[in-house]
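Inspection log for the structure reproduced underneath, given as structure tokens.
Reminder, nothing fancy here: chain letters follow the sequence lines and each chain counts from 1. Owing to the predicted nature of the structure, the values given are computational and were not obtained by experimental measurement.
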Amino acid sequence: MKLSRSFYERDTVEVARDLLGMHLVRVVQGRRRVGRIVETEAYLGAVGDRAAHSFRGKTPRCAVMFGPPGHAYVYFIYGMHHCLNVVTEPEGRACAVLIRAIEPVENIDGKTCGPGLLCRALDIDRSLNGADLLGGALFLERPRGRREAAVEAGPRVGVDYAGAWALKPWRFFLPDSDCVSRRPAGRPVRK
DNA sequence: TGCCGGATCCTG
DNA sequence: AGGATCCGGCAA
């Protein structure tokens, strides 16, 4: 069942946590590519989050964040990767949730553990920036029989420049998944 | 107009 | 540890 506008129009941290276990669906040439979301991060433009693209106000790149909830904010980074966000909260708050990792469920080729990799696997680029997530090309679904799973939180990845905001535990992931782009801070996992 | 660095990923 | 490789955002 497709997630409704009201699902997105809520507190961003809650949305980020609730998105774990949901299915991300990308339709390419009538074929559904589906992945299970296992890692997200909340970005709160509304409260001055220095790590958020919207922190310094509305610019052409992040304009979609200032729009209505339930739309895709896709940006291009490091000259070679795309990242997918979903816009949250009432219009104008400029908040979004970054989708960082999915597990393959249906018709997925290639790696999907990491924001750039999942966009490559799902053929997501800036042509989808601003796309309505209640439309047919890109949307999220609550899978039937979605099971309860352990959730962990920690600091967001790659935002050390954001000072105190970098410490906020706004990264959420399913620790039981082996498809998490980066382990929590601390010692690397040994085998 | 120029330049600096990034919500990343891969290789060595 | 460092390179790839574009472009957004800010300073000048």
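- A/Arg156 forms a cation-pi arrangement with A/Tyr43, by the criterion of a distance under 6.0 Å to the ring centre and an angle within 45° of the ring axis.
- Taking for each of A/Val159 and A/Arg120 the nucleotide of DNA chain B with the nearest heavy atom, the 5'-most of the two is the partner of A/Val159.
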Once Watson-Crick and G-U wobble pairs under 3.5 Å are found, how is DNA chain B written in dot-bracket notation, 5' to 3', with | for any base paired to another strand?
||||||.||||.
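- For the pair A/His82 NE2 and B/dC9 P, the computed distance is 13 Å after rounding to whole Å.
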For a quick test of your reading: what N or O donor-acceptor pairs under 3.5 Å do the side chains of residues 23-30 of chain A make, sequence neighbours left out?
residue	atom	partner	partner atom	Å
A/Arg26	NE	A/Leu122	O	3.0
A/Arg26	NE	A/Asp123	O	3.3
A/Arg26	NH1	A/Ala137	O	3.3
A/Arg26	NH2	A/Asp123	O	3.0

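- For the P atoms, the distance from C/dT5 to B/dG2 is 23 Å, rounded to whole Å.
- Residue A/Tyr73 places none of its side-chain N or O atoms closer than 4.0 Å to OP1 or OP2 of B/dA7.
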Go through A/Val74 and A/Asn85 one step at a time and tell me if the side chain to side chain contact (heavy atoms under 4.5 Å, CB included) criterion holds.
CA-CA 6 Å; A/Val74 181; A/Asn85 297 254; over 6 Å; no
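- What separates NE2 of A/His53 from P of B/dG5 is a distance of 16 Å, to the nearest Å.
- Atom OH of A/Tyr75 is separated from atom P of C/dG9 by 12 Å (rounded to the nearest Å).
- Of the candidates A/Leu98, A/Thr12, A/Leu44, A/Leu44 is the only one forming a side-chain contact (heavy atoms from CB on, under 4.5 Å) with A/Trp170.
- The cationic group of A/Arg5 does not satisfy the cation-pi geometry with A/Tyr8, failing either the under 6.0 Å distance to the six-membered ring centre or the 45° limit from the ring axis.
- The CH2-P distance, from A/Trp170 to B/dA7, rounds to 16 Å in whole Å.
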Step by step, would you call A/Val86 with A/Leu140 a side chain to side chain contact (heavy atoms under 4.5 Å, CB included)?
CA-CA 10 Å; A/Val86 303; A/Leu140 288 84; 4.2 Å; yes
Protein-proximity profile, nucleotides 2-8 of chain C, B/S/- by nucleotide at the 4.0 Å heavy-atom cutoff, equals --BBBSS
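- Both A/Ile102 and A/Leu133 belong to a common hydrophobic cluster when Ile, Leu, Val, Met, Phe, Trp and Tyr are linked at side-chain heavy-atom distances under 4.5 angstrom.
- Rounded to an integer number of Å, the gap from A/Leu44 CG to B/dA7 P is 16 Å.
- Atom pair A/Arg50:CZ and B/dG6:C1' shows a separation of 15 Å (rounding to whole Å applied).
- Under the 2.5 Å cut-off for SG-SG separation, A/Cys179 and A/Cys113 qualify: their sulfur atoms lie closer than that.
- Nucleotide B/dG6 holds its P atom 15 Å from the CZ atom of A/Arg156, rounded to whole Å.
- Atoms CZ (A/Phe55) and P (C/dG9) sit 14 Å apart, rounded to a whole Å.
- In this structure, A/His53 and A/Tyr75 have side chains that are in contact, with non-hydrogen atoms separated by less than 4.5 Å.
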